[in-house]
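Okay, so here's the structure we're looking at.
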Number of protein chains: 2
Amino acid sequence: MVGRLAADSIERRSGVSLWRQIADKILQAIAIGDFTENAALPPEVALAERYGVNRHTVRSAIAALVQEGVLRAEQGRGTFVLSRKRLSYPIGARTRFSTGLQGQTSERHIVLLASSIEPASQRVAEGLGLARGAEVIRLETRGEADGRPVSRAAGWFDARRFAGIDAAMAETGSITASLARFGIDDYLRQSTVLSARHADAADLADLDLQPGAIVLVTVAVNVTPDGQPIQFSESRFPAERVELKLSAL
Amino acid sequence: MVGRLAADSIERRSGVSLWRQIADKILQAIAIGDFTENAALPPEVALAERYGVNRHTVRSAIAALVQEGVLRAEQGRGTFVLSRKRLSYPIGARTRFSTGLQGQTSERHIVLLASSIEPASQRVAEGLGLARGAEVIRLETRGEADGRPVSRAAGWFDARRFAGIDAAMAETGSITASLARFGIDDYLRQSTVLSARHADAADLADLDLQPGAIVLVTVAVNVTPDGQPIQFSESRFPAERVELKLSAL
DNA sequence: TAAATTTGTCTATTGATATAGACAACTATA
DNA sequence: TATAGTTGTCTATATCAATAGACAAATTTA
């Protein structure tokens with residue numbers, strides 16, 4: 001089934017280099033739990049044989065993962081798994097950043113990277129039920145768990161209703177707490193649309209990824225319990241570090 | 001924003017070739033609605049300039065998408081968009097294949113590709129609440145909409161409780177209808193875990209993809225209204241043709 | 001009809017990717 | 001202390017990916 005390391009399947013002249021494909025497979029095997037932390041990877045020659053490629057090609061894949069901080073290679077001994085399994089990020093009616101990751105990480109927080117006021121684009125206006133061009137506040141945030149970026153999000157709010165939410169966010173470091181200042185005690189996830197793509201230059205910088213990585217993208221609308229839209233957001237998650245757990249369905 | 005064609009961001013020596021990255025971006029722009037059906041793409045020289053690559057590199061990307069049936073190039077005239085937007089596949093408490101795609105496609109159905117009886121693997125046993133190694137029935141299916149594959153799934157059922165569900169599935173072409181024969185009138189999605197990866201050889205064949213494509217993967221458990229697990233499943237969706245809409249949370 | 005625009009084809013060159021083989025350096029173990 | 005097993009480095013070669021330039025072929029527009 002999905003991505004056991006035993007899998008055959010390497011595609012030539014696909015536009016994705018063999019070393020990147022093999023790196024992907026190793027990452028997947030780790031995420032799935034085929035290798036626990038500190039476990040030794042099979043030796044390079046064995047991997048090369050398994051995938052039907054040259055040993056040097058396997059070495060390129062391993063070099064990329066060492067660079068990425070996932071593996072550690074020791075001459076004469078072997079190559080070992082450093083990283084933990086993927087975080088399981090919950091998405092449901094009451095998705096909240098920090099509560100969802102409890103138990104999986106010792107530390108997590110949201111950093112406000114930037115904020116601005118801008119006219120609403122077509123899709124933001126639709127999501128928030130505003131006229132196109134109406135003023136909205138945009139908050140750019142990054143979610144971090146144990147010091148590693150696990151999400152990068154842009155959130156839009158009606159500028160008239162939520163004037164000053166940028167300052168509140170900077171102060172509290174929490175969307176939930178910031179909304180509470182505007183009398184929003186509870187909010188629900190109304191809709192979420194999910195897609196995946198290759199990371200672009202912005203993703204690489206924002207999420208500290210290596211080129212060629214895959215990102216999961218969610219576009220969501222949060223509403224008050226009576227259905228009034230309050231937040232439109234687009235979030236990006238590194239597929240190699242995060243899986244999305246759809247809960248409370 | 002996500003993948004406006006205006007975006008800069010092409011990564012060199014990433015292990016993903018420039019032509020594949022550009023093909024991805026064009027696909028995304030189409031999916032997002034930047035190009036409607038039959039619309040003309042910008043000329044090759046303009047695309048080359050926009051992405052900062054040679055015209056021949058853009059041509060490689062276009063050639064791949066022509067091969068894929070997404071674009072049509074006409075000498076002297078231009079390059080045109082053939083394919084429709086991505087399907088929006090709903091996932092929620094009551095996810096059903098054919099009801100969910102109503103209105104988006106004129107035709108849709110599930111094909112039973114294979115079935116077998118096998119001992120439950122660790123994760124299947126966990127999902128179904130069975131002992132590891134207990135007999136389970138595996139159904140391999142493909143979802144098609146307007147003749148194009150939009151999903152590829154494996155579903156596992158307790159072999160004792162659902163003996164003969166493979167025949168029922170072959171006959172009815174519907175999981176819901178097959179379960180009804182065993183007295184299951186209603187079932188709910190208990191959990192869904194979502195990830196993304198590069199397509200492997202099996203995905204390419206199963207979903208009729210070109211090498212280098214991305215697949216979304218869901219692993220889910222369906223339960224009866226009183227919480228009894230009845231189905232464990234793993235589904236793969238071509239990210240270029242399908243987005244997942246998380247609904248009714 | 002002429003000019004401008006656009007895709008198609010060809011040649012040539014450079015750099016990244018992948019293969020092949022040999023051997024050094026380091027570690028663990030018989 | 002050999003020996004086997006493993007990662008690290010080097011050279012060489014072939015193929016793919018990307019750049020560069022020129023011109024042909026088809027279509028649209030002035």
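The basis for the numbers below is simple: all heavy atoms, side chains too, and nothing from hydrogens, waters or symmetry mates. Below, chains carry the letters A, B, ... as their sequence lines are ordered, and counting in each starts from 1.
Among Leu194(A), Asp203(A), Leu87(A), Leu244(A), the single residue meeting the side chain to side chain contact (heavy atoms under 4.5 Å, CB included) criterion with Phe237(A) is Leu244(A).
Both Gly15(A) and Ile62(A) lie close to DNA chain D; mapped to their nearest nucleotides by heavy-atom distance, the more 5′-ward contact belongs to Ile62(A).
In this structure, Glu140(A) pairs ionically with Arg152(A), as a charged nitrogen and a carboxylate oxygen lie closer than 4.0 Å. A salt bridge is absent between Glu243(B) and Lys245(B): the closest approach of a Lys/Arg side-chain nitrogen to an acidic carboxylate oxygen does not fall below 4.0 angstrom.
Put simply, Thr57(A) has no side-chain N or O that comes within less than 4.0 Å of OP1 or OP2 on dT17(C). For the pair Thr79(A) and dT7(D), the criterion of a side-chain N or O lying under 4.0 Å from OP1 or OP2 is met. Between Arg77(A) and dA28(C) there is a side-chain polar atom (N or O) within less than 4.0 angstrom of OP1 or OP2. Between Arg12(A) and dT19(C) there is a side-chain N or O to OP1 or OP2 distance below 4.0 Å.
As rounded to whole Å, 11 Å separates atom P of dC16(D) from atom CG of Leu18(A). In this structure, Gln75(B) places its CD atom 5 Å from C1' of dG8(C), rounding to the nearest Å. In this structure, CZ of Arg20(A) is placed 17 Å from P of dA16(C), rounded to the nearest angstrom. Here the P atom of nucleotide dT6(D) and the CD atom of Glu49(A) are 12 Å apart, to the nearest Å. Residue Arg55(A) contributes atom CZ, which lies 14 Å from atom C1' of dA18(C) at whole-angstrom precision. Counting to the nearest Å, the C1' atom of dA20(C) and the CZ atom of Arg59(A) are 15 Å from each other. Asn54(B) has its CG atom 15 Å from the P atom of dT14(C), to the nearest Å. Regarding Arg72(A), its CZ atom lies at a distance of 13 Å from the C1' atom of dT7(D), rounded to whole Å.
Looking at residues two or more places apart in sequence or on another chain, you find a side-chain contact (heavy atoms from CB on, under 4.5 Å) between Ser17(A) and Trp19(A), Arg20(A).
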Practice problem: Please assess Leu71(B) against Val81(B) for the test side-chain contact (heavy atoms from CB on, under 4.5 Å), listing each intermediate value before the final yes or no. | Solution: CA-CA 5 Å; Leu71(B) 299 177; Val81(B) 175; 4.1 Å; yes
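Here dA18(C) is the nucleotide among dA18(C), dG8(C), dG8(D) with the atom lying nearest to any side-chain atom of Trp19(A). Proximity note for Ser17(B) (side chain, C-beta onward) versus dG8(D), dA18(D), dT19(D): the nearest is dA18(D). Nearest nucleotide to the side chain of Ala73(A), out of dG8(D), dA18(C), dA24(D): dG8(D). Closest contact between the side chain of His56(A) and the listed nucleotides dA18(D), dA24(C), dT19(C) involves dT19(C).
Val53(A) comes within 4.0 angstrom of the backbone, heavy atoms only, and of no base.
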